[in-house]
Amino acid sequence: MMSKFQYSLIFILSIFIFSACHSLWTTQAQHNIPRQESIITLPTTEVPLPAVDFSFIFPQKPELSNPISPRKNITTNFSAREKNEVAAIDPLLMAEGNTILIDLSQIQKEDYSFPLPGAKLISPYAGRRKHHSGVDLKTHAHDTIVSAFDGIVRLSKPYYAYGNVIVVRHYNGLETVYSHNFKNFVKPGDEVKAGQPIALTGRTGRATTEHLHFEVRVNGQHFNPNIFFNFEERTLNNDCLVFTKSGNKLAVESIKPMPHQLAGEYSPVSTSQNKNNSVEEKKSNG
Ligand SMILES: [Zn+2]
């Protein structure tokens, strides 16, 4: 026989279990409502694009099958500054707005050449003291330097620590700089092709060994050449790069188009690559 105490204990326990279950059920029910609301009110513009290329599933946009790279206009009527300074603004480049788009994937193989074939990277961009405005590439003394892309020579002369230097303005919106040359073969206004010999490697200016100091500039500002080139493979990257005016400087973002965006519009996705852009400008490059 159960005592009165045992009966009341069972009664209290069952009330306790019932109320616990009830509160659990109501909590879940309450949770369901705001959770649905949060899905509805989620700001869709802040959803990052996945860094996955779906182009293997979806058909390519019509432009990608077009073998012609978009070419920008270049004047041969350079200003005194353009003919005499390594860093010079391109008056036509940003004429139509604050943003320019350079789609490296649209540059055909025959329109690109590694500037010093067979060279090894001996010093990276920025470097230990953050003052290195380009990369140093080395093969041997008096080796042939070639133009990376088609373009027009903007500057060719001795220039401070750069020594004998050449700046080529390209139709794709970039400028490339070739420095410490033993000898320059081209002069301002010359039209050059990708792979065309333009100079021989040397150690003119401030250089301790025969090498090519190579820079990539957009509207006068130098950028990390690793954004554009793979220096181990000596190939061109295939990113689509967006350069946007940010104060007096340009900021760069690499974009990966979503399948539904392949037909036209793009949404920028930030990369960490634009952090190095503020590297100090120095005439005394290494
Ligand atoms: Zn250097």
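Excluded from the calculations below are hydrogen atoms, water molecules and symmetry mates; all remaining heavy atoms, backbone and side chain alike, are included. Every number for a ligand or one of its atoms is a count from 1 in the order of the listing.
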Pair listing, salt bridge (charged side-chain N to carboxylate O under 4.0 Å, His left out) test, anchored in residues 89-99, at least two apart: Asp90-Arg169

Please name all residues satisfying side-chain contact (heavy atoms from CB on, under 4.5 Å) with Glu233, sequence neighbours left out, ordered by chain then number. Asn230, Thr235

Starting from the Zn ion (ligand 1), look over the N/O/S atoms of Asp136 and name the nearest one. OD1

N, O or S atom of His180 closer to the Zn ion (ligand 1) than 2.8 Å: no

Any N/O/S of His211 under 2.8 Å from the Zn ion (ligand 1)? no

Any non-hydrogen side-chain atom of Leu236 less than 4.5 Å from a side-chain atom of Phe229? yes

Please check if the number of heavy atoms outside Phe231 that lie under 6.0 Å from its CZ is greater than 12. yes

Apex the Zn ion (ligand 1); atoms His132 NE2 and His213 ND1; angle rounded to 10 degrees: 100°

